[in-house]
Amino acid sequence: MLDLKFIIKNAEEVKKNCLDRNISADVNAVVNLAKERSSLISELDDIRAKQNQNAKLMKSKLTEDERAELIKKGSALKAESVKKDELLKSVNLRLKDMQAKIPNMTHPNAPRGKDEDSNNVKYIFKHPTEFDFTPQDHVELGKKLDILDFDAGAKVSGQKFYFMKGDGVLLEQALINFALKTLISKGFILHITPDLAKNSVLFGTGFNPRGSEAQIYSIENTDLSLIATAEITLAGLYSGEIFQEKDLPLKLAGYSHCFRTEAGAYGKSSKGLYRVHQFSKVEMFAYTRPEDSDAMLDELVSVEREIFERLEIPYRLVECCTGDLGGPAYRKYDIEAWMPGRDGGSYGEVTSASNCTDYQARRLNIKYKSSSKESNFIHTLNGTAIAVSRAIIAILENYQQKDGSIIIPKVLRNFMDKDILTPPVKSK
RNA sequence: GGAGAGAUGGCUGAGUCCGGUUUAAGGCGCUCGACUCGAAAUCGAGAAAGGUCGAAAGAUCUUCGGGGGUUCGAAUCCCUCUCUCUCCGCCA
């Protein structure tokens, strides 16, 4: 969330930012509630100071009358403070709720626009793959190769679930290992995180566990939800802590399963593996000093690019416009891989890297102590190393041969002990 | 799942039985200073985080795992939740 003082001081800019981002938030109401909160705190503190004084007086030797007098006075003060405290609590509750709806500020260079049509293409790697035959989509390919079974997923768990089978399993593990190995070489500390997290951690990361647009599965009768990304657990990992400046930047990698309800997300372009309820992902997460977060975002993007370039998959790099940023992001870059089978060939998002500045840190209370001994909110960033399901779409569709076999990208061959996937020979 | 013991500042650790003299002792580590050519040792001093008001100086409040309660007053009493440890059971 944004700092209250910042909102009050820069109310007009905050309002404009909400408009740019196509988010409705009542900034005026937040400002008014914040002022009400301040004066309530002052009043309550005054009463508490008097209570403390009164209690101190009770320690000295007193006559019965004096004692009775002080107790009476204390009772009155207490009644007053309880009343004030209740008022303050209700203001805080309303304020927090409204404050959370205000998105992060936006990098001045981020393109302005309502939706992804306004995103800026920054770079294009290779040209869309060309075929001298009609390419199939990954669903057909996966079925023929017998590595992907959506029917079985639907039978056992419902639509948008799937089984990976045979060489598909090897391919998934190869992608994960390739990503993990790449990240080690870049100085990331590897983690396998829990696949469930407390709702307070979800909230702190900017996900709304039970909101109307919740993408999140929550576990009945508990305070837990299935995570939508390891960003949640890696952000929660240091919640409430204070870093020493010398330990920054800290780069983490998190391998987890990701769960998304994807309510209402149907249609052609979300066919097959593109939008599923469960997938595996290796996520990058970084904690930095505020002055280093811009450079760290570039670093995360360069790792993502390297991964897809070494997989030799055509992609384009886009910078997301204001309307496509999501609440916590200050600036965001996506990599969209070429997917020949998607609507007859189109780019589809495979990674996303965001600089969240201090927006998550403020909610999660993560700080760092600088050499000047001052502590400040830290900056957090996240980026996808490999979202396995979508990477598999890109590999199957770009590397397919006329006979339906798939050439394995060079960098994955050692991890799989295979360089080609071929459809099984049907026994008669 | 059962039984028991715990959670105190950067770390360690007293205080909790029996509420007020604690401004949360002592130790370790840390910072600064003295001594020293320099260091160690020693001596002296300092140091938590956050909120509110304030231009600032400062004032004041909150925080002894979380939440709630009793009381004029809670680290201390009561309720509740979470987590940790020991033993037992079950288990990949």
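What you are looking at is a predicted structure, and each value in this text was computed from that prediction instead of being measured. First the proteins, then the strands, lettered A, B, ... as listed; each starts at 1.
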Heavy-atom nearest pair, A/Pro328 first then A/Tyr359, reads CA-CD2, 3.3 Å
Run the salt-bridge test on [X] and [Y] with the 4.0 Å N-O cut-off and return the result as yes or no.
{"X": "A/Glu319", "Y": "A/Arg331", "answer": "yes"}
{"X": "A/Arg289", "Y": "A/Glu291", "answer": "yes"}
{"X": "A/Arg112", "Y": "A/Asp20", "answer": "yes"}

Per the under-4.0 Å heavy-atom filter, residues of residues 87-102 of chain A near RNA chain B come out as A/Lys89
Identify each atom pair where a protein N or O and an N or O of nucleotides 57-60 of chain B are less than 3.5 Å apart, giving names and distance.
none

Scanning all shown strands, the Watson-Crick or wobble mate of B/G65 with both distances under 3.5 Å is B/C81
If pairing means Watson-Crick or G-U wobble with both distances under 3.5 Å, then the partner of B/U76 is none
note: A/Glu241, atom CD; B/G50, atom P; distance rounded to Å ~ 15 Å
From CG of A/Leu44 across to C1' of B/U62 the rounded distance in Å is 10 Å
When rounded to the nearest 0.5 Å, the distance separating CG of A/Leu202 from OG of A/Ser218 is 9.0 Å
Only pairs under 3.5 Å count here: list side-chain donor-acceptor contacts from residues 301-308 of chain A, not counting sequence neighbours, and write none if there are none.
| residue | atom | partner | partner atom | Å |
| --- | --- | --- | --- | --- |
| A/Ser302 | OG | A/Glu299 | O | 2.8 |
| A/Glu304 | OE1 | A/Thr351 | OG1 | 2.9 |
| A/Glu304 | OE2 | A/Thr384 | N | 3.0 |
| A/Arg305 | NE | A/Tyr315 | OH | 3.1 |
| A/Glu306 | OE1 | A/Lys186 | NZ | 2.6 |

Please write out each protein N/O paired with an N/O of nucleotides 70-75 of chain B under 3.5 Å, distance rounded to 0.1 Å.
| residue | atom | partner | partner atom | Å |
| --- | --- | --- | --- | --- |
| B/C72 | O4' | A/Ile71 | O | 3.4 |

A/Asp115 meets the side-chain contact (heavy atoms from CB on, under 4.5 Å) criterion, sequence neighbours left out, with A/Asp117
Rounding to an integer number of angstrom, what distance separates B/C83 and B/G69 when you compare their P atoms? 23 Å
Per nearest nucleotide of RNA chain B, the residue lying toward the 5' end, A/Ser42 or A/Lys56, is A/Lys56
Heavy atoms under 4.0 Å, any strand shown: does A/Lys50 hit a base, just sugar-phosphate, or nothing? nothing
Please list each protein N or O that sits under 3.5 Å from an N or O in nucleotides 76-82 of chain B, with the distance.
none

